[in-house]
Amino acid sequence: MSLPDWRASAAATIFLATISALVILSGQIAPEVTQYVAVLALGSALVSILLWRGIEISGRSVMLVAVIGHGIALWGNAVYEDDYYRFIWDGWRVLEDGTPYGVPPEDYVDDPAVPQTMQNILEWINYPYFPTIYGPVLQVLFAITFLFSGSDEFGLKILFAGAVLLLSALLLHRHPPGHAALFAWNPVVIAESTLHLHPDIILALVLFSGILAGRRHPVIAGIFIGMAVGVKVVALAAWPLLLRLAPSALFSALLTLILFYGYFAIQGLGVGLDSTETFATQWYFNPLAFEPLLVLFGPTWGRLVALAIAGMVVLWLHSSARHFDRVPLAAIFGAILLFAPAVNAWYLVWLLPFALDRRDIWPYVASAALPLSYLTGLNLEIYELEEFEVHPIAIRAEWFLIGGAVLFDLVRNRRASRAKVIHNAPTIDPAVSVVIPALNEEGAVGPTVRDVLHAAPRGLVEVIVADNGSTDGTADEASEAGAKVVRQPERGYGAACLAALLAVDPRSNIILFMDADRSDIPSDAAALLAPIIAGEADLVIGSRSLGNVERGAMSAPQRFGNWLAPFLVRLIWGKRYTDLGPFRAIRRDALEQLSMSDRDFGWTIEMQVRAAKLGLRTAERPVSYRKRVGVSKISGTLRGVFAAGWKILFVIAREAFGDFDRAEGTRTRTRKGDTAHRLAANNDL
């Protein structure tokens, strides 16, 4: 038998043996918790190791083994867990009263209106003095389950087993069977759904369904992503995904959330947010990185600091993704768990379906480590510990294993990203096209063009002036000075640049951008072109901050903007810039990769942000900057300053949560429109 077949058989055998052992242990009157945890942790580790490098197996085999595993788990008991009594109670209350919210279960003790079967359930509900915390989507599912199975937990087992199997089938639409098995055969997934009866699998199912619907069906994607928040509010961490889709996705998500929460809200007993607040501000169990923050800042400030750090990491992970399908949801949920005050093993079910997109080991190490959280004072019957205090050895083992795995992945991924850097050979035969957008620059554009031709940077092929709807003699003056003139009647710096790029000579391999107002000094062009010609950079920014700025050449708002925008870029994408200056050079093929689309003041920042997102090699060179001729379209008026500043911040936000696929589509449509404009303009000439 070949190695892949052997690994698949071994993984399936260990998976089924692990589930069988857990079921047998759960049937004992007083199962030994250390044995139970050891079986679960070891089984998860071995299955992950065997499946890690991928196996040759069919999707049918993956599903068949998963079905058998859940079939075995249906015979088990939910030892060490009693949350499901609350689910049964909530389902009954939805059917009886229309809502499970607002009233704690203890208020119903000895209530003659409550049937004896539900009084029996009531006796086992944990924290009966708190109203329910579970979201409205779950309440609907609990009610439907109660309709079919009453107070028997078997209905919940079928619900959660079906959710796991359906999600496993959906994963096969996106991943090879050998990879999908990493989720479908993970013993922790079955243990924390079908066996222990936790509803977190519903969150994973609806959220993954939304991702799968994606750009093709934005309304459906929005419905599912909205439902995810109706399962657990932690799904809000995935909502920036909606900004990468059509606006209908966000609208449908909001409408879905309003409908689910609204149905229960109109009954006047709330929607569980009071209990959610109590959980968020008071609950503490098995923390990881939150522990040192608690020691340093105390319970209140520790939670706020942890929330701030996790929030920044989540936003950074969203912004670092180029495509909708590449947003690292596993890492996003992992960051939340890392800084959460309460970390349970079943929370892993949120992120494991999304861990298949990357080859990181930490999610699978965590699936072997977090079961150690069951080793509490209550389960171990160690009375020196608090009931829900995890044994110190177990906590340290979790920290060591998970922390080591995260560190390993960070180092490995950093090395891999460095290895992917492409070093281009020097440009032996540079061909440079100079692009100069111009709007009413008569008196300045002619000297600018002549200065460029006089400086004659190495490889100069042409100078293109994009007349941006000028009402003076800009176009004629540029043409007389020796420039190729392209007319773009649509106002906007970016629109002019895009129109000029359509007219660039096919031989050109480097594009140099500069302004037409004589503020840039053409003799500095050689310094900008040199790193590209030498094969050392893809994009070179002329930095006024590093060079000499003539007194009065830059206004205070310009200087502030030149500090703020690069600061935000560095904060979000980790790329250091010192200026947004218009004087810049870029390889033509690199420019095409950026799919530039902004049509006004956001052109320069869009170029720099997308270069950072794509990992292009960028450099800065000091340039001199002098007072412009005439009045600036930006710094010359308060309206221009406000419009430019707002647009720059908007572009940074858009690029942080935007999608390159959509940008490329927009660029294609833009190219067609600009071609029509150019042909019309050329006919006028």
Side-chain angles (χ1 to χ4, degrees), residues 18-19 21-46 73 76-86 106 123-130 133 153 187-188 190-193 195-198 200 278-296 298-299 302-303 306 337-349 365-405:
T18 300
I19 301 304
L22 294 176
V23 169
I24 292 171
L25 288 171
S26 73
Q28 298 177 0
I29 296 177
E32 179 62 46
V33 66
T34 54
Q35 294 179 5
Y36 193 90
V37 168
V39 168
L40 180 56
L42 183 61
S44 299
L46 291 176
N77 299 311
V79 291
Y80 314 120
E81 292 298 335
D82 53 12
D83 288 351
Y84 66 92
Y85 291 106
R86 173 82 72 160
E106 68 175 2
E123 293 178 4
W124 291 96
I125 293 177
N126 56 17
Y127 305 105
Y129 37 83
F130 285 121
I133 195 175
E153 70 269 20
V188 165
I190 287 191
E192 300 302 350
S193 54
L195 197 53
H196 296 168
L197 297 177
H198 290 292
D200 298 73
T278 301
F279 176 84
T281 57
Q282 299 181 17
W283 195 248
Y284 174 86
F285 175 76
N286 191 42
L288 299 174
F290 176 74
E291 184 72 25
L293 297 178
L294 177 67
V295 173
L296 288 172
R303 290 173 188 269
L337 296 186
L338 185 63
F339 291 98
V343 181
N344 292 292
W346 55 88
Y347 293 168
L348 284 173
V349 179
V365 172
S367 68
L370 281 183
L372 296 175
S373 64
Y374 283 104
L375 300 177
T376 62
L378 177 64
N379 293 334
L380 290 169
E381 298 182 353
I382 298 177
Y383 302 107
E384 291 80 6
L385 298 175
E386 297 289 337
E387 283 189 344
F388 296 106
E389 181 182 355
V390 180
H391 195 285
I393 295 178
I395 290 178
R396 285 169 175 75
E398 288 179 322
W399 290 353
F400 175 77
L401 292 171
I402 296 174

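Just so we're clear, the structure is a prediction, and the values are computed from it rather than from any experiment.
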Go through the structure and list residues passing ring-ring contact (aromatic ring centres under 6.0 Å, His included) with Y374, not counting sequence neighbours.
-> H196
Taking side chain to side chain contact (heavy atoms under 4.5 Å, CB included) as the test, write out the residues that go with L337, two or more places apart.
-> Y347, W350, L351
L370 versus I402: any side-chain heavy-atom pair under 4.5 Å?
-> yes
Can you list every side chain to side chain donor-acceptor pair (under 3.5 Å) pair that touches residues 22-35, not counting sequence neighbours?
-> E32-T34
Would you confirm whether R303, through its side chain, and T281, through its main-chain N or O, come within 3.5 Å as a donor-acceptor pair?
-> yes
Is there a side-chain contact between N126 and D83, using heavy atoms and a 4.5 Å cut-off?
-> yes
Residues at least two apart in sequence or cross-chain that pass ring-ring contact (aromatic ring centres under 6.0 Å, His included) with F285, listed by chain then number, are none
pair L25-Y36: side-chain heavy atoms closer than 4.5 Å | yes
L296 CG: over 12 foreign heavy atoms closer than 6.0 Å = yes
Taking the side chain as C-beta and beyond, is there a heavy-atom pair between L22 and L40 under 4.5 Å?
-> yes
Contact summary for G43 and T18, nearest pair of heavy atoms = CA-OG1, 3.4 Å
Can you check whether S373 reaches V343 side chain to side chain, under 4.5 Å on heavy atoms?
-> no
Criterion side-chain contact (heavy atoms from CB on, under 4.5 Å) against P187, the qualifying member of L42, I19, V39 | I19
By ring-ring contact (aromatic ring centres under 6.0 Å, His included) - contacts of Y127 (at least two apart) | W283
Return each pair, listed once, that meets side chain to side chain donor-acceptor pair (under 3.5 Å) where at least one residue sits in residues 383-398; pairs must be two or more places apart or across chains.
-> N286-E398
